[in-house]
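Throughout, residue positions are numbered sequentially from 1 according to the sequence presented. In listed order, ligands and their atoms are each counted from 1. For clarity, every value in this text was computed on a predicted model and none was experimentally measured.
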Amino acid sequence: MAGHALFVYSDAYQAYRFTPDHPFNPMRLAWTVELVRELGLLDPAEMLPPRHAGLDEILLVHSASYVDVVRELGRTGRASPIAANYGLGTEDDPVFPGMHEAAALAVGGTLEGADRIASGQALHAFNIGGGLHHAMRSQAAGFCIYNDVAIAIRRLRAAGLRVAYVDIDAHHGDGVQEAFYRDPDVLTISLHESGRYLFPGTGWVEEVGVGGGHGTTVNLPLEPFTDDRSFLEMLEGVLEPALSRFGPDILVTEFGVDAHASDPLTDLRVSTRFYWQAAAMLHAAAHAHCAGRWLAVGGGGYELLRVVPRAWTILWAEMRGTPVPLDAPLPEGFRAAHEDPEDPLPAWIVDPPGTVRPLERQAEVSGRNRATLMKLRHVCPLLA
Ligand SMILES: [Zn+2]
Ligand SMILES: [Zn+2]
């Protein structure tokens, strides 16, 4: 059914750009919109433009001193000695002109989606410019300045909703976890490449929350080279039991797509077929456990042209109730605009089985993931 989902985007998102050759490149957002439009998957009534979040909203998660520093550095566009105290002016998070406004727009996009769902005007919303899950209260980290998704969860809590957050980005959703580590009314679930091999180095099964929030943090670190089947098996193993015991009112999902085999920054090896299956699973979970309330945000994804537009188109198509057919070719218009004979585009939107060739040790990788899930069941009351 088209019409119950909103797509949050504006070309103003292009302003969130650290340096010309930084891997977090907003062109991937424009290319996603282009592909979605090529496929006829975006009615004008489904478009929701973002707005700039207000200071009061950003302060729901961030400290006043941090926000002051972001604003001041963004005014000059140059790092100062104080920047490093706040994770800024670093290789991952260089200072750029207008950084406060650019980051506030990502926050406002996620808040717009959250508010439409909380008020019942929409059932689902997807902010492709959101998902900045590494930002901490007083610290930029991992390409993230303001934590749009943690701020939106605070807003949903203020509306009285119990929130389940599910993060399938290849990196641990550490900033969101940290914001709600003591909160019994926010469940955070993160599946990610093990911190032994990948930034930010956290997200172990033993991180289960503290105080009243004990048991409402769930982490499943995955082995490098995890494939479609194993990632899906792990997601399934965690999602149903955790949601049915927690009883959320709304599902919030971080759909970073950097677990793809061709992503340059991580070692996981899924195909876009996994994203098709994961999107369907999360959609079903939102309807089964949250009366359909589902707020989705983007996140990581550094194979800018060949993966991100396809993976987020797959998610959006699922959300609006018109899933991409498994045999849908990449449309000619998109192909013509971007084809490089030296480096051809994929033939299909959903990678056919076998696109990512299994490794000899694939069974061992899956076995290790199963052992981690067993361990998680021992330490996590929700999964016991
Ligand atoms: Zn990531
Ligand atoms: Zn739906």
Subject >> R51 with E57: basic N within carboxylate O range, under 4.0 Å >> reply: yes
Subject >> Residues D227 and R269 bridged, charged N to O under 4.0 Å >> reply: no
Subject >> Angular separation of NE2 (H287) and NE2 (H283) seen from the Zn ion (ligand 2), to 10° >> reply: 100°
Original post:
Near the Zn ion (ligand 1), which protein N/O/S atoms are found at less than 2.8 Å?
Top reply: D169 OD1, H171 ND1, D258 OD2
Original post:
Under the ring-ring contact (aromatic ring centres under 6.0 Å, His included) test, which residues partner W316, sequence neighbours left out?
Top reply: F7
Original post:
Passes side chain to side chain contact (heavy atoms under 4.5 Å, CB included), E254 versus V176? Steps please.
Top reply: CA-CA 10 Å; E254 207 271 18; V176 182; over 6 Å; no
**OP:** Consider only side-chain N and O atoms of N147 and H62, and report whether a donor and an acceptor are under 3.5 Å apart.
**Re:** no
Original post:
Relative to the Zn ion (ligand 2), which of the N, O or S atoms in H124 is the closest?
Top reply: NE2
Tell me which donor-acceptor pairs under 3.5 Å the side chains of residues 228-244 have, and how far apart each pair is, sequence neighbours excluded?
{"unit_1": "D228", "atom_1": "OD1", "unit_2": "S271", "atom_2": "N", "d": "2.6"}
{"unit_1": "D228", "atom_1": "OD1", "unit_2": "S271", "atom_2": "OG", "d": "3.4"}
{"unit_1": "D228", "atom_1": "OD2", "unit_2": "S271", "atom_2": "OG", "d": "2.6"}
{"unit_1": "D228", "atom_1": "OD2", "unit_2": "F274", "atom_2": "N", "d": "3.4"}
{"unit_1": "S230", "atom_1": "OG", "unit_2": "N369", "atom_2": "ND2", "d": "2.9"}
{"unit_1": "E233", "atom_1": "OE1", "unit_2": "R370", "atom_2": "NH2", "d": "3.2"}
{"unit_1": "E233", "atom_1": "OE2", "unit_2": "R370", "atom_2": "NE", "d": "2.7"}
{"unit_1": "E240", "atom_1": "OE1", "unit_2": "H289", "atom_2": "NE2", "d": "3.2"}
{"unit_1": "E240", "atom_1": "OE2", "unit_2": "H289", "atom_2": "NE2", "d": "3.1"}
{"unit_1": "S244", "atom_1": "OG", "unit_2": "E240", "atom_2": "O", "d": "2.9"}
{"unit_1": "S244", "atom_1": "OG", "unit_2": "P241", "atom_2": "O", "d": "3.3"}

**OP:** Give me the other members of the hydrophobic cluster that M136 sits in, counting Ile, Leu, Val, Met, Phe, Trp and Tyr linked by side-chain heavy atoms under 4.5 Å, directly or via other members.
**Re:** none
